[in-house]
Amino acid sequence: MARSHLTLAALATNAVPELDVAHARNHSLGGGGLFDSALLITRDEKELIIRVPTSQAAETEQSADLVALRALTTGNRSRLPFDVPVFVGQAPFEGTRAVVYERLPGASYDADALTGHEGVSGSIGRAIAAIHGLPSAFIGDAGLVQQSAQDCRTATIDLIDRAANTGKLPAALLRRWELATDDNALWQFAPTVIHGSLTAESFLISDDAVCGVLGWSGLCVGDPARDLNWLLAARGDAAETAVATYTAARQGNDPLITQRAMLYAELELARWLLHGVDTHDEAIVDDAVSMLDGLVDNVHSHTMNSLSPDTGPILSVSDVESMLKDTPRTQATGSAGRNSDDNSEYGTSEFADTGSFSRVTSFDGTGFDGAGFDTGYGDDSTGPIPTGDGTADGRADDPATDDHAARRSSSE
């Protein structure tokens, strides 16, 4: 049973000395999220968010979130053109802990709305570029993950191999993705500081610009393409503006970043498949298989924009839109995608670490300021985060890539 806002308000007074709460209300869309949360308004009209994890996975996420936010010191934050959540206090509770954050102003929109507005899309591109421009030394100092380009490549190979071992991955996609990982040119990039779990819900908007970014749980040094893959699944008319603005801000120093971003976007379907297999949820497995089949159809029906010179065609933004519209999807009962209504304020689903290829809210075409969008924090405002000891689920060892390629080739 979800904890009431009154219980959470009382917890907040234990977490923050001399806190005087004037108003409190539940801040969750449903009771099935990873966090119980409430919005608190103090006597001096400050707004706070309190969260209590409801599972071990949520507690791990919360712990890593605190590590990431502490790593983003005042000096680091001053380099960013937007606000970052501020930790206020914490208190033990029933074997876990309640954590209080300042609530950032701004409105949350779905991916289609964000990318349907030229100014907002440009602001998103600049915001992502600013994150990638942060000096990387503080990541190591905080004990957060630091991946080389080879680490990123190896982790991608391992993901593909795991998906192939389910026996449910279409051969055409397996070959396409293997050719991409075998293409040395695709993996010649300089790792940067990355947010690591960006989705539309990560952004808060005010005056047609990004005013806050949430969900720093995936903060690490890694492949900057990971922060762009969600944009390639957005249907807004200005989606490509965000990528173009980002590329201009970064001076085009990573010419194949869009190809890798699309590879990561396509691999979200493999992650969804593995999630279904790991949780023994046949509805999710069937959904993933259906989407993978739709991806195969799109790959075979296009002839331009390849992932690498040797692969089949990469899907453009319009291609992804077509795939999402045309591919039938099974409604997976109990699944928790990025846009699940069961997620709590500042919380994410179990499947949050799989990125942004999960379902997006439909866009009614009324424009960025159209009705129907929530204001304030969305319920998916953070993603999966590494633990305080510097480990993370996505970090792979560094075996030789050629060994992986040889192993795969011998099994074909």
Side-chain angles (χ1 to χ4, degrees), residues 34-35 51 53 57-72 76-77 80 82 84-85 87 101 111 124 127-134 136 138-149 151-152 155-156 159 191-204 210 212-231 233 246 257 260-261 264-265 267-268 271-272 275 336-339 343 346-358 377-378 380-396:
L34 293 180
F35 295 90
R51 294 193 308 162
E59 185 173 359
T60 300
E61 175 185 321
Q62 181 176 257
S63 297
D65 187 40
L66 295 179
V67 173
L69 291 180
R70 286 166 177 160
L72 289 167
N76 292 324
R77 294 172 188 235
L80 301 172
F82 50 76
V84 174
F87 166 79
Y101 306 83
I124 287 172
I128 298 173
I131 296 170
H132 295 177
L134 288 173
S136 61
F138 79 95
I139 296 293
D141 293 341
L144 297 173
V145 173
Q146 300 183 83
Q147 288 188 314
S148 66
D151 291 332
C152 298
T156 301
L159 173 62
T192 68
V193 174
I194 62 173
H195 179 282
S197 52
L198 278 180
T199 66
E201 292 83 6
S202 304
F203 296 93
L204 295 175
V210 175
V213 174
L214 308 174
W216 292 87
S217 48
L219 181 65
C220 66
V221 169
D223 188 345
R226 285 175 51 191
D227 282 348
L228 298 180
N229 67 17
W230 69 277
L231 283 168
Y246 168 86
I257 189 170
R260 292 198 315 280
Y264 290 133
L267 288 173
E268 292 309 321
R271 291 182 183 274
W272 187 230
H275 176 66
R338 280 255 180 217
N339 295 310
N343 295 335
Y346 256 43
T348 57
S349 70
E350 251 182 332
F351 188 56
D353 62 333
T354 62
S356 61
F357 215 95
S358 53
Y377 287 171
D380 291 10
S381 50
T382 59
I385 49 185
T387 58
D389 63 0
T391 62
D393 292 340
R395 188 172 188 180

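Between the Asp227 side chain and the Ile194 main chain, no donor and acceptor come within less than 3.5 Å of each other. Counting only distance, with no hydrogens or angles, the side chain of Asp151 and the backbone of Ser148 share a donor-acceptor pair below 3.5 Å. Asn76 contributes a side-chain N or O that, together with a main-chain N or O of Ala71, makes up a donor-acceptor pair within less than 3.5 Å. When atom types are taken as modelled, the side chain of Asp223 and the backbone of Pro191 share no donor-acceptor pair closer than 3.5 angstrom.
Residues Ala58 and Phe35 approach most closely at O-CZ, 3.5 Å, considering heavy atoms. Minimum heavy-atom separation, Ser197 to Gly215: OG-O, 3.2 Å. Closest of all the heavy-atom pairs between Gln62 and Arg51 is OE1-O, 3.5 Å. For the residue pair Arg226 and Cys220, the shortest heavy atom distance occurs at NH1-SG, 4.2 Å. Nearest heavy-atom pair, Ala127 versus Phe203, reported as atom, atom and distance to 0.1 Å: CB-CE2, 4.5 Å.
Ring geometry, Phe87 versus Tyr101: the interplanar angle exceeds 60°, so the pair is classed perpendicular (tilted spans 30 to 60°).
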Would you sort out whether Leu80 and Ile131 count as a side chain to side chain contact (heavy atoms under 4.5 Å, CB included), showing the intermediate values? CA-CA 7 Å; Leu80 301 172; Ile131 296 170; 4.3 Å; yes
Test side chain to side chain contact (heavy atoms under 4.5 Å, CB included) applied to Thr156 and Tyr264, step by step: CA-CA 8 Å; Thr156 301; Tyr264 290 133; 3.7 Å; yes
Let's go through Asn229 and Leu267 carefully: what are the C-alpha distance in whole Å and the side-chain angles of both, what is the deciding distance for side chain to side chain contact (heavy atoms under 4.5 Å, CB included) to 0.1 Å, and is it a yes or a no? CA-CA 10 Å; Asn229 67 17; Leu267 288 173; over 6 Å; no
So Leu204 and Phe82, side chain to side chain contact (heavy atoms under 4.5 Å, CB included) or not? Walk me through it. CA-CA 9 Å; Leu204 295 175; Phe82 50 76; over 6 Å; no
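Listed by chain and residue number, Leu69, Leu72, Val84, Val86 satisfy the side-chain contact (heavy atoms from CB on, under 4.5 Å) test with Arg77 (two or more places apart in sequence, or in another chain). With sequence neighbours excluded, the residues satisfying side-chain contact (heavy atoms from CB on, under 4.5 Å) with Ala129 are Tyr246, Ala249, Arg250.
In summary, of the residues considered (Thr192, Val145, Val221), a side-chain contact (heavy atoms from CB on, under 4.5 Å) with Ile139 occurs for Val221 alone.
At least one side-chain heavy atom of Val213 sits less than 4.5 Å from a side-chain heavy atom of Leu198. Taking the side chain as every heavy atom from C-beta outward, Ser202 and Thr199 approach each other to under 4.5 Å.
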